[in-house]
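See below for the structure under consideration.
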Amino acid sequence: MKHVLEVADVVKRYGSKTALDQVDVHVKEGSCFGLLGPNGAGKSTLMKLMTGILQADSGMIRAFGMDTRHQMSEIRQRVGYVPQEITLYEKLSAVQNLKFFGEMYGVNGAELKQRIAHVLEQVGLSDRANEAVETYSGGMKRRINLAAALLHQPQLIILDEPTVGIDPQSRNHIFEMIRGLKKEGLTLVYSTHYMEEVEALCDDIAIIDHGSVIAQGSLHEILEQHADQAVYVESDYITEPPQLSSIKRASARGRGWVLESEQPLHTLRDLSQLFAEAGARVHALELVKPSLDRVFLKLTGTALRD
Ligand code: ADP
């Protein structure tokens, strides 16, 4: 499998603060690659390095086999970057904004006109195309930002937390777009602090925390390698975690307990027996679905949403 992006041993510091520490990331051609991590993890910094906005202190980044230190102008022709900040002129219409961005990328004339119509269609805003951007919702502005990054027909799109603070309709539009772009064969890098988004959209994921990649692979590989198996139990009969040999660790959740277990089916069986013998009232007794949240908790000791 060909890699469109290769990030190797990358270190980036802001003064004395190390924002990225020995980061290795490989993005396969035609895949959607998710960068998952809490605020301040280093996601934006990594994306800015990928797009040549920032330079790494050490390490190497190659895009389409070209080195970002020396061939950035060639790389930029093939990469679309959607920053977190909305960079539109409020008083101008979507078409006028897109004309400006298209020209910046070297698209002009009839071709630009046709590209603008196409990208507006893609983001579902053709009907509002001539209205001033200041009349748009936050989600609509973000969709125009996304449209701007598609004008020059890039092969790789880098999206920095595109769904933060937007309405569900715009979020669905963005999801559909990403799926559509992937179908067309584009490669995408997508950052978020919502694990549901990477679970729904991404083929491969890197979990990043405090500037380091702490897990990387497909969702299945990450869960297989890092997720503990667990049982959730809720019953008035127990005020403390039950003492069973199969239980490795217990933590309180809501009104019950999450019990990590090497053999969750045995734990379920033993608990069922315990409750049945005691005639206890049980509100929940079930397997916990492995999730990236739990992987993050296990690897860092904190919840992803902290
Ligand atoms: P994320 O995108 O995951 O929220 P960032 O890449 O924005 O994370 O930030 C990573 C770390 O680097 C944070 O601790 C942040 O405060 C710091 N940082 C980011 N940009 C700068 C900057 N321009 N100057 C100093 N520190 C910065």
Side-chain angles (χ1 to χ4, degrees), residues 5-27 32-61 63 68-69 72 75-76 79-87 138-139 141-142 145-146 148-149 156-166 171 174-175 178 187-202 204-217 219 222 226 291-306:
L5 256 177
E6 299 155 88
V7 175
D9 286 336
V10 160
V11 175
K12 175 68 191 172
R13 294 186 197 90
Y14 296 109
S16 61
K17 162 101 200 161
T18 302
L20 293 174
D21 191 12
Q22 303 284 331
V23 167
D24 281 282
V25 157
H26 289 83
V27 179
C32 179
F33 189 95
L35 279 177
L36 176 70
N39 285 333
K43 304 180 297 296
S44 290
T45 301
L46 182 54
M47 292 185 143
K48 285 178 185 161
L49 292 170
M50 289 169 170
T51 50
I53 295 170
L54 290 176
Q55 291 296 313
D57 292 305
S58 61
M60 185 206 67
I61 303 181
T68 52
R69 281 169 301 194
M72 211 52 232
I75 294 171
R76 270 201 198 102
V79 178
Y81 171 55
V82 187
Q84 236 181 77
E85 316 79 49
I86 296 187
T87 50
K141 287 180 193 169
R142 211 170 276 258
N145 235 20
L146 219 159
L156 168 66
I157 317 277
I158 296 178
L159 301 118
D160 196 352
E161 304 214 38
T163 60
V164 166
I166 66 171
R171 173 193 267 229
I174 289 176
F175 276 25
I178 287 171
T187 308
L188 295 119
V189 181
Y190 184 100
S191 76
T192 181
H193 56 269
Y194 299 119
M195 66 146 197
E196 304 82 6
E197 295 192 353
V198 292
E199 286 182 350
L201 292 173
C202 301
D204 289 312
I205 300 159
I207 303 181
I208 176 164
D209 189 42
H210 294 301
S212 296
V213 173
I214 55 173
Q216 187 168 180
L219 178 63
I222 291 178
H226 299 287
S291 71
L292 291 175
D293 258 347
R294 291 195 53 76
V295 170
F296 193 82
L297 183 65
K298 182 183 170 198
L299 294 177
T300 68
T302 57
L304 190 51
R305 281 168 213 291
D306 274 0

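For ligands, and for the atoms within them, numbers begin at 1 and follow the listed sequence.
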Non-hydrogen side-chain atoms of [X] and [Y] separated by less than 4.5 Å:
| X | Y | value |
| --- | --- | --- |
| Leu299 | His226 | yes |
| Thr300 | Ile207 | no |
| Leu20 | Ile208 | yes |

Between [X] (side chain only) and [Y] (backbone N and O only), is there a donor and an acceptor less than 3.5 Å apart?
| X | Y | value |
| --- | --- | --- |
| Thr68 | Ile61 | yes |
| Lys12 | Asp21 | no |
| Gln216 | Asp24 | yes |

Give the numbers and elements of all ligand 1 atoms closer than 4.0 Å to a heavy atom of [X].
| X | result |
| --- | --- |
| Lys43 | 1 (P), 2 (O), 3 (O), 4 (O), 6 (O), 8 (O) |
| Ala19 | 12 (O) |
| Pro38 | 3 (O) |
| Ala41 | 1 (P), 3 (O), 8 (O) |
| Asn39 | 4 (O) |

Handout entry: Reference residue Leu159; test side-chain contact (heavy atoms from CB on, under 4.5 Å); the match among Leu146, Val189, Thr192, Asn145
Key =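 That would be Leu146.
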Handout entry: side-chain contact (heavy atoms from CB on, under 4.5 Å) partner of Ile158, the single match among Val27, Val79, Leu46, Val82
Key =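 Answer after filtering Val27, Val79, Leu46, Val82: Val79.
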Handout entry: Among Ser44, Gly15, Gly211, closest by any non-hydrogen atom to atom 2 (O) of ligand 1
Key =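 Among Ser44, Gly15, Gly211, the closest heavy atom to atom 2 (O) of ligand 1 belongs to Ser44.
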Practice task
Measure from atom 8 (O) of ligand 1 to every heavy atom in Gly42, Ser191, Ser16 and give the option owning the shortest one.
Solution key: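 Closest candidate by heavy-atom distance is Gly42.
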Look at [atom] and say which protein heavy atom is nearest, naming residue and atom and giving the distance to 0.1 Å.
| atom | answer |
| --- | --- |
| atom 13 (C) of ligand 1 | Gly40 O, 3.6 Å |
| atom 19 (C) of ligand 1 | Tyr14 CE1, 3.3 Å |
| atom 6 (O) of ligand 1 | Thr45 OG1, 2.5 Å |

Problem - His26 to Val7 - nearest heavy-atom pair and separation - result: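 Taking every non-hydrogen atom into account, CE1-O, 4.2 Å.
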Problem - Contact bool for atom 16 (O) of ligand 1 (protein heavy atom, d < 4.0 Å) - result: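 Answer no: nothing from the protein, no heavy atom, is under 4.0 Å.
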Exercise for the section: Verify the contact flag for atom 27 (C) of ligand 1, where contact means a protein heavy atom under 4.0 Å away. Expected result: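 Protein heavy atom within 4.0 Å of atom 27 (C) of ligand 1: present.
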Exercise for the section: Check each heavy atom of Lys17 against ligand 1 and say whether those closer than 4.0 Å belong to the side chain, the backbone, both or neither. Expected result: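 Looking at Lys17 and ligand 1, just side chain atoms fall under 4.0 Å.
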